[in-house]
Participant: 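The structure follows.
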Amino acid sequence: MSHYGDHEATDDPLQTLRHSTAHLLAAAVTELYPDAKYGIGPPVEDGFYYDFQFGKPISESDLPAIESRMRRLAQADIPFVKEVVSRDEAIEEFRKRGQDFKLELIEDKVEGDEVSLYRTGDFLDLCRGPHVRSTKELKAFKLLRVAGAYWRGDEKKPQLTRIYGTAWMTQRELDDYMKFLEEAEKRDHKKLGKELKIFALDERVGLGQVIWLPNGATIRRELERWIVDEELRRGYRHVITPHLAKLDLYKQSGHWQLYHDTMYPPIHFEDGEELELRPMNCPHHIIVYGQELHSYRDLPVRIAELGQNYRLEKSGELMGMIRVRSFNLNDAHIFCTPDQVISEVRSAIELANHFMSVLGVKDYSYRLSVRDDVKTKWSGTDEEWETAEAMLKEALESLNLPYKIGVGDAAFYGPKIDFQVRDAHRREFTNNTVQVDYQLPKKFELEYVAVDGSRQRPVLVHRGAFGAFERMTAYLIEQYAGAFPTWLHPVQVVVIPITDAQHDYAHLVAERLRGLRLRVEVDDRSEKMQRKIRDWQAQKVPYMAIVGPLEVEAEHVNIRDRGGKQVDSTLESFASMVATEVAERRR
RNA sequence: GCCCACGUAGCUCAGGCGGUAGAGCAUUUCCUUGGUAAGGAAAAGGUCCCCGGUUCGAAUCCGGGCGUGGGCUCCA
């Protein structure tokens with residue numbers, strides 16, 4: 001983690017280059033806008049940013065001017081000079097320049113009496129370095145966009161203008177990166193979701209409320225069937241519970257006290273009843289568990305549901321299908337004895353990995369999210385937290401899975417393992433989690449009967465394996481760029497008759513394939529074959545079965561796959577080929 | 001919620017320094033029956049996001065909303 005103003009020293013030359021480019025940006029900005037105050041400017045993945053406070057707001061249209069000033073400074077061959085001065089001298093320097101943010105950083109962040117500064121021409125920054133030798137080394141960079149960012153990441157502090165840029169060792173790499181951004185744009189699930197008619201958002205329905213169009217609904221139903229079957233096979237019991245519950249339920253769980261900001265306001269009835277749209281499924285599943293008295297012999301009890309959840313995320317937070325206000329979670333709550341926890345966690349991880357692997361998702365990582373030292377944010381005893389953390393760790397390590405630690409990313413009731421995936425733009429988000437929880441069983445006084453007949457408290461493992469359908473579908477759209485594997489594609493085969501004379505045969509072919517539960521369309525429009533091929537190619541349909549007089553005669557189909565490959569086949573062998581591909585969920 | 005940008009036909013977009021708008025694709029109808037990525041013609045389609053203000057006149061200028069995108073903060 002880099003800290004404010006005193007970024008971790010790094011040996012990575014690319015990081016150094018980007019960091020130096022950030023300084024170059026600040027140098028250009030302070031020349032063009034003498035009243036600008038600069039905050040911090042670290043390297044980040046693929047580039048860098050620098051935060052400024054401008055007298056007058058600037059916009060993206062100001063970037064070209066700033067960038068050309070940067071190029072001029074780069075060509076001027078200005079050295080990066082490190083100066084170590086006393087704290088007082090540093091304070092004096094920045095006071096003279098009116099750089100309040102830097103003063104604040106020296107106050108709060110710098111310990112000891114020595115302060116390290118970097119000078120680039122007239123520009124002076126509080127900085128540990130290292131840097132390149134001269135601005136001349138900075139050649140392949142580009143400013144990308146402006147954004148708002150709170151000073152020191154605090155909502156209550158002033159909002160600065162952040163300028164993002166990218167920088168690379170060579171022009172070639174920069175070109176490649178710009179190309180990557182362009183490609184990412186094409187894969188964007190918001191764009192493809194519209195083109196392929198997968199989902200829609202409509203303000204008349206509500207912000208962040210996903211409308212699954214027929215194509216999207218087909219994909220989702222296919223995923224649902226698969227997931228539920230896999231879970232039933234592994235001993236999960238699927239339930240269906242209401243989207244609403246009495247507000248008191250969430251008061252008892254503690255969610256209301258902590259999360260009422262992101263919960264929908266309760267519905268009030270005249271008789272005083274208050275109903276709440278559920279933000280998560282745990283309390284309902286706890287109620288399910290409580291329907292009978294469980295013996296230790298029953299445990300683990302695994303209650304699963306494709307549960308619809310409602311969270312009132314801030315409007316600025318919403319993003320396509322990735323961040324929404326209502327989503328359906330492949331959720332489960334496992335009630336088990338303390339010594340079953342590790343194996344349950346491990347199976348949950350394995351199930352998630354199985355889902356990912358069938359879907360071909362490879363680019364994801366594990367994060368062990370633990371609490372930080374702000375005690376008030378977390379409920380439970382130190383011992384419970386430590387035990388839970390140790391168990392999660394052991395589960396991960398016994399599976400030889402590499403993970404990083406997310407300090408402060410835990411749930412309020414316990415630590416968790418997060419599966420982090422990245423979208424087409426390499427933005428990271430949590431797809432699903434596995435959590436160990438001692439708190440809710442206590443709050444709801446859950447019990448099971450142990451071997452000795454005593455009443456014991458189960459441990460609750462919360463787990464998602466697939467994640468939310470909205471988020472995962474968005475991810476899959478981007479991963480496949482819309483070219484879904486055959487088992488998922490809304491239209492698996494389209495039959496294209498060349499002339500009207502083949503319509504009957506085309507429908508016969510379609511019926512044969514539908515008999516194998518394949519999703520088939522017949523394109524009997526009065527259009528040329530070439531036109532039909534083009535249209536279906538745009539839909540990335542896996543197979544086009546083209547039928548002309550020759551095929552009718554021979555009871556064949558001429559298959560064109562979406563890669564453009566053509567092969568002549570009997571109807572029967574094509575039918576069984578596709579059916580097998582679908583049954584095996586081949587990619 | 002905050003910062004910046006954007007909002008014109010179903011979609012992608014052009015235009016407009018104030019005089020009520022245009023293309024391509026899609027849609028509908030007709031012609032066309034064509035062997036592996038766009039056959040032809042015609043028609044229809046707009047409260048230029050919404051509400052106020054300025055003006056003889058606003059899609060255009062100003063203000064306020066709403067929505068979308070990129071960030072920030074948050075994410076049980």
Participant: Between A/Phe412 and A/Arg371, is there a cation-pi geometry (under 6.0 Å to ring centre, at most 45° from the normal)?
Facilitator: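 No, A/Arg371 does not sit over the ring of A/Phe412.
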Participant: Under 4.0 Å, heavy atoms only, any strand: does A/Gly564 hit a base, just the sugar-phosphate, or nothing?
Facilitator: nothing
Participant: Look at the side-chain N and O atoms of A/Lys190 and state whether any lies under 4.0 Å from the OP1 or OP2 oxygen of B/G70.
Facilitator: yes
Participant: Rounded to the nearest angstrom, tell me the gap between atom CG in A/Asn309 and atom P in B/C75.
Facilitator: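 The distance from CG of A/Asn309 to P of B/C75 comes to 17 Å, rounded to the nearest Å.
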Participant: I want to verify a distance call: between B/U36, B/G1, B/U33, whose nearest atom is closest to the A/Glu155 side chain?
Facilitator: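 In terms of side-chain proximity for A/Glu155, the closest of B/U36, B/G1, B/U33 is B/G1.
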Participant: Answer yes or no: is there an ion pair linking A/Asp418 with A/Lys416, defined by an N-O contact shorter than 4.0 Å?
Facilitator: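 Yes, this pair counts.
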Participant: State whether A/Asp154 and A/Lys156 are salt-bridged, where the test is any N-O pair (Lys NZ or Arg NE/NH1/NH2 against Asp/Glu carboxylate O) under 4.0 Å.
Facilitator: no
Participant: Taking NZ, NE, NH1 and NH2 as the nitrogens, is one of them in A/Glu305 or A/Arg278 under 4.0 Å from a carboxylate oxygen of the other?
Facilitator: yes
Participant: Could you check whether A/Arg162 gets within reach of a base, just the sugar-phosphate, or nothing at all, counting any heavy atom under 4.0 Å?
Facilitator: sugar-phosphate
Participant: As a test of reading the structure: which of B/U33, B/G35, B/A38 is closest to the side chain of A/Ser526, going by heavy atoms?
Facilitator: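 The answer is B/U33.
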Participant: Looking only at side-chain atoms of A/Arg145, point me to the closest of B/G70, B/G1, B/U36.
Facilitator: B/G70
Participant: So which one's nearest nucleotide on RNA chain B is more toward 5', A/Glu60 or A/Gln435?
Facilitator: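 Looking at RNA chain B, the more 5' nearest nucleotide goes with A/Glu60.
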Participant: Reckon A/Tyr164 has a side-chain N or O less than 4.0 Å from the OP1 or OP2 of B/C72?
Facilitator: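 A/Tyr164 to B/C72 OP1/OP2: side-chain N or O found under 4.0 Å.
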Participant: Any idea which of B/C75, B/A38, B/C4 is nearest the A/Arg323 side chain?
Facilitator: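 In terms of side-chain proximity for A/Arg323, the closest of B/C75, B/A38, B/C4 is B/C75.
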Participant: Rounded off to whole Å, could you give me the CG-to-P distance for the A/Asp188 and B/G70 pair?
Facilitator: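 Going from A/Asp188 (CG) to B/G70 (P), I get 7 Å.
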Participant: What distance, rounded to whole Å, do you find between the two P atoms, one in B/A58 and one in B/G18?
Facilitator: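 Roughly 13 Å separates the two P atoms.
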Participant: Can you tell me how far P in B/G7 sits from the matching atom in B/A42, rounded to whole Å?
Facilitator: 32 Å
Participant: Would A/Arg463 and A/Tyr236 count as a cation-pi pair here, with the cationic atom under 6.0 angstrom from the ring centre and within 45° of the axis?
Facilitator: yes
Participant: Once you round it to whole Å, what is the distance between P of B/A76 and CG of A/Asp331?
Facilitator: 13 Å
Participant: Mind calculating the distance between CE (A/Met319) and C1' (B/C75) to the nearest angstrom?
Facilitator: 12 Å
Participant: Quickly work out the A/Arg534 CZ to B/A38 P distance and round it to whole Å.
Facilitator: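 A/Arg534 atom CZ is separated from B/A38 atom P by 7 Å.
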Participant: Could you tell me how far B/A37 sits from B/U20 if I compare only their P atoms? Round to whole Å.
Facilitator: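 Nearest-Å result for B/U20 against B/A37 at atom P: 47 Å.
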Participant: Can you check the A/Met529 CE to B/A37 P distance for me, whole Å?
Facilitator: 7 Å
Participant: So, is A/Lys194 near the phosphate of B/U12, with a side-chain N or O under 4.0 Å from OP1 or OP2?
Facilitator: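 Affirmative; the distance criterion is met.
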Participant: Taking OP1 and OP2 of B/U32, is either one under 4.0 Å from a side-chain nitrogen or oxygen of A/Lys528?
Facilitator: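 Checking B/U32 against A/Lys528, no side-chain N or O comes under 4.0 Å of OP1 or OP2.
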Participant: Please determine if a side-chain N or O atom of A/Ser315 lies less than 4.0 Å away from the OP1 or OP2 oxygen of B/G1.
Facilitator: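 Answer yes for this pair, as a side-chain N or O of A/Ser315 is under 4.0 Å from OP1 or OP2.
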Participant: Looking at the side chain of A/Thr499, which of B/U36, B/G35, B/U33 is the nearest nucleotide?
Facilitator: B/U33
Participant: Answer yes or no: does a side-chain N or O of A/Arg152 lie under 4.0 Å from OP1 or OP2 of B/C72?
Facilitator: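 Looking at the OP1 and OP2 atoms of B/C72, neither is under 4.0 Å from any side-chain N or O of A/Arg152.
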Participant: Charged N to carboxylate O below 4.0 Å: is that the case for A/Asp188 and A/Lys190?
Facilitator: yes
Participant: Starting at atom CG of A/Asp372, determine the distance to atom P of B/C75, rounded to an integer number of angstrom.
Facilitator: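 It works out to 10 Å between those atoms.
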Participant: Does A/Arg18 make a cation-pi contact with A/Phe48 (under 6.0 Å, within 45 degrees of the axis)?
Facilitator: no
Participant: Could you work out which one of B/G34, B/C66, B/A37 sits closest to the side chain of A/Glu203?
Facilitator: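 The answer is B/C66, which lies nearest to the side chain.
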Participant: Among B/U36, B/A76, B/G1, which nucleotide has an atom closest to any side-chain atom of A/Asn558?
Facilitator: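 From the listed options, B/U36 comes nearest.
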Participant: Can you tell me if A/Arg427 touches the phosphate of B/G71, counting only side-chain N or O atoms and a distance under 4.0 Å to OP1 or OP2?
Facilitator: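 Result: yes.
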Participant: Which of the following nucleotides, B/C2, B/G1, B/G67, is nearest to the side chain of A/Gln159?
Facilitator: B/C2
Participant: On RNA chain B, nearest-nucleotide positions of A/Arg471 versus A/Glu551: which is more 5'?
Facilitator: A/Glu551
Participant: Counting only Watson-Crick pairs (N1-N3 plus N6-O4 or O6-N4) and G-U wobbles (N1-O2, O6-N3), all under 3.5 Å, who is the partner of B/C2?
Facilitator: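 Its partner is B/G71.
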Participant: Counting side-chain heavy atoms from CB outward, which of B/C72, B/A37, B/G34 is closest to A/Tyr150?
Facilitator: B/C72
Participant: From B/G34, B/G1, B/U68, pick the nucleotide closest to the side chain of A/Leu207?
Facilitator: B/U68
Participant: Return the value, rounded to whole Å, for the distance between atom CG of A/Asp46 and atom P of B/G71.
Facilitator: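 These atoms are roughly 12 Å apart.
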Participant: Only pairs with both distances under 3.5 Å count, Watson-Crick or wobble alike; so what is the partner of B/C13 in this structure?
Facilitator: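 WC or wobble partner is B/G22.
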